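Here is the structure we will look at.
Letters A, B, ... are given to chains in the order of the sequence lines, protein chains preceding strands, and every chain is numbered from 1. Every value quoted in this text rests on a predicted model; they were computed, and no experiment measured them. Because only heavy atoms are used, hydrogens play no part in the values below, and waters and symmetry mates are left out as well, while side chains stay in.
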2 protein chains.
Amino acid sequence: MYREQRKEETETAGHGFMPGLAVDAVIFGFHDQQLKVLLMQYKKTGIFALPGGFIREKENLNDAAERVVSERTALKDIYLEQFYAFGDYDRYDPKPLKTIMTANGVIPEDDHWLLQRFISVSYYALVDFTKVVPMPDRIFDGCAWYDLANIPELMQDHSLIIRKALTALRADLDNKLVAFNLMPEEFTMSELQTLYETILGKNLLRPAFQRKLLSLGILERVAKKWTGGAHKAPYLYRFISENN
Amino acid sequence: MYREQRKEETETAGHGFMPGLAVDAVIFGFHDQQLKVLLMQYKKTGIFALPGGFIREKENLNDAAERVVSERTALKDIYLEQFYAFGDYDRYDPKPLKTIMTANGVIPEDDHWLLQRFISVSYYALVDFTKVVPMPDRIFDGCAWYDLANIPELMQDHSLIIRKALTALRADLDNKLVAFNLMPEEFTMSELQTLYETILGKNLLRPAFQRKLLSLGILERVAKKWTGGAHKAPYLYRFISENN
DNA sequence: TTATTATTGTAACATATTGTTACAATAATA
DNA sequence: TATTATTGTAACAATATGTTACAATAATAA
């Protein structure tokens, strides 16, 4: 929700943005064997929300989503999937926004454009956790990773949006082979398996997993990784995209 | 695009609708071994378009989609899947709408609300062809079925929307078992197979198809159907939903 | 009545995929 | 040099899917 806009943009209807339309992003990362989601926290009020934004008047919808994610992660070339447009009339509760605005010294009128109904076109993004620099801004105190298993209470229907994002991610896991976007360039087979297990929420058998992924022909074995552990060193793998 | 609205609604910005937002529906039917799509044809100009509409100020997005499909098919309890929000800036070409408005005696100003940019949240609907009564209205001459294999040139990006709808339908075919919504209550196994083959665009082997579908435990064998053909009579089947 | 014909329902087998157990090959440490 | 934990993969089992084959009709023709 609202950020990066100059004062007159928060005050006047839209001002260069499409009215009634927002983009929200569920940005997934993977670290310490945990799926993480990047969340924003509003100044003073402490209310949590998904990173989001609005669509500029001449901006493609998908570009708006990419911009929103770029602004919060300092990344470019982001893997994004649009998964649902949330449009129930009562999804938009003006109370938290009123609280936030009041706490920040703006006394909003009831017909303020930010208090109107919004439809949110939602995307999930898959990013390399190690490359992200979480970026707060003037409006948000916080921009930080939270374990998916331990998400704080969120504004409006943002918890539902995260749940639906996870469902979409699970469905895309086999079809679109999206998991590699959550890994660093090189990774071991067991790291990859842990990621799959975390996303799917269930354990997988190691030999079957390894056989399956190698048979896809999309992994290149790079080198060995000496972990320092008292055991055989695992191979490192790299994802081979079609254009390489 | 625009329909059912009283004159002032076409003239003033939105008037009870959310601005900049539309809902479009790819309504699939199945008849004569062909997948069909319900298309609208504008009066006088002959321009083809998908059935669509706008979202009322206090209406749920999904309800708007259901209303749009109901208005064109005279059905209720429609199987709907939201599959994508189309939001490229240049998807909205004002020319065909200008042509249509001019042909219908409205001289539009350049900032007329209908000529502005729209984002289309698109749904596909699966309906029983035999139960549909195609409903034109004051704005549209035509509301009729067209073979998916033989769609006329459509307004704006509506051809792309149909292509994406078919992709989504194919993906949902196995996961969500949606095909039954395109069939009458009772059907033979070969009719069902033909539907699957038409949607997937490839032939399936009969014994494997029958074995697979029976093993799902979602079909109830009802009676035999004497086709009048010189061969064994096939069984009729009915889909068993969970709540029956 | 009795072949003939086209299609249906399903068994039977072949092949491919996935689930499971087992074990040799390490890399560090004791 | 033994011990330990983990890796890579072979080998077998169980399922699922692909394919061939054939008996069981329901109409028509002989």
- Nearest-nucleotide pick for A/Ala233, side chain only, options being C/dT7, C/dT10, C/dA27: C/dA27

- Message: Need one value for B/Ser190: base, sugar-phosphate or nothing, where a base atom within 4.0 Å counts as base even if backbone is also close, heavy atoms only.
- Response: sugar-phosphate

- Message: Could you tell me how far apart B/Glu191 (CD) and C/dT7 (P) are, to the nearest whole angstrom?
- Response: 14 Å

- May I have the distance from B/His231 (atom NE2) to C/dG9 (atom P), rounded to whole angstrom? 11 Å

- Nucleotide C/dT8, atom C1' - distance to CG of B/Leu192 in whole Å: 15 Å

- Task: Send over the distance from B/Met189 CE to C/dG9 P, rounded to a whole Å.
- Result: 7 Å

- Message: Within the 4.0 Å heavy-atom criterion, would you say B/Lys224 contacts the bases, only the backbone, or no part of the nucleic acid?
- Response: sugar-phosphate

- Run the salt bridge (Lys or Arg N to Asp or Glu O under 4.0 Å) check on B/Glu66 and B/Lys76 step by step: do they pass? CA-CA 8 Å; B/Glu66 181 151 16; B/Lys76 47 186 177 175; over 6 Å; no

- Query: Rounded to the nearest Å, what distance is computed from the CH2 atom of residue A/Trp226 to the C1' atom of nucleotide D/dT7?
  - Reply: 13 Å

- In the strands shown, is C/dT17 matched to any nucleotide by a Watson-Crick or G-U wobble pair with both distances under 3.5 Å, and which? D/dA14

- Just call it for A/Thr227: base, sugar-phosphate, or nothing, with non-hydrogen atoms closer than 4.0 Å on any strand. nothing

- Hey, are B/Glu81 and B/Lys176 close enough for a salt bridge, meaning a charged N less than 4.0 Å from a carboxylate O? yes

- Output the single nucleotide from D/dT6, C/dG9, C/dA27 whose closest atom is nearest the side chain of B/Arg221. C/dG9

- Task: With a 3.5 angstrom cut-off on both distances, give the Watson-Crick or G-U wobble partner of C/dA28, or none if there isn't one.
- Result: D/dT3

- Message: Let's go through B/Glu186 and B/Lys225 carefully: what are the C-alpha distance in whole Å and the side-chain angles of both, what is the deciding distance for salt bridge (Lys or Arg N to Asp or Glu O under 4.0 Å) to 0.1 Å, and is it a yes or a no?
- Response: CA-CA 10 Å; B/Glu186 302 188 347; B/Lys225 182 188 184 185; over 6 Å; no

- Which residue lies more 5' along DNA chain C, comparing A/Gly229 with A/Lys212 via nearest heavy atoms: A/Lys212

- Check B/Ile27, B/Val68, B/Val23, B/Val26 against B/Leu50 for a side-chain contact (heavy atoms from CB on, under 4.5 Å) and give me the one that passes. B/Val26

- Query: NA contact type, B/Pro207, heavy-atom cut-off 4.0 Å: base, sugar-phosphate, or nothing?
  - Reply: base

- Note on the structure: The nucleotide from C/dT20, D/dG18, D/dG8 with an atom nearest the side chain of A/Ala208 is C/dT20

- Presence of A/Arg206 side-chain N/O under 4.0 Å of D/dA10 phosphate oxygens OP1/OP2: no

- Task: Before accepting this row, confirm whether a basic side-chain N of the pair A/Asp157/A/Arg91 lies closer than 4.0 Å to the acidic partner's carboxylate O.
- Result: yes

- Message: Using whole Å, what does the distance between atom C1' of nucleotide C/dT18 and atom CD of A/Gln193 come to?
- Response: 14 Å

- Task: Could you let me know what D/dT19 is paired to, Watson-Crick or G-U wobble, both distances under 3.5 Å, or none if it's on its own?
- Result: C/dA12

- Check: B/Arg211 side chain, D/dG18 base, donor-acceptor under 3.5 Å: yes

- Query: Closest to the A/Tyr235 side chain: C/dG9, D/dG8, D/dA26?
  - Reply: D/dG8

- Message: Under 4.0 Å from OP1 or OP2 of D/dT7: is there any side-chain N or O of A/Gln210 that close?
- Response: no

- In whole angstrom, what separates A/Lys232's NZ from C/dC23's P? 16 Å

- Separation of C/dG9 C1' from B/Leu219 CG (nearest whole Å): 14 Å

- Message: Measuring from the side chain of B/Leu205 (C-beta onward, heavy atoms only), which nucleotide among C/dT8, D/dT19, D/dA26 has the closest atom?
- Response: D/dT19

- Any luck finding a side-chain donor-acceptor pair between B/Asp24 and B/Ser120 under 3.5 Å? yes

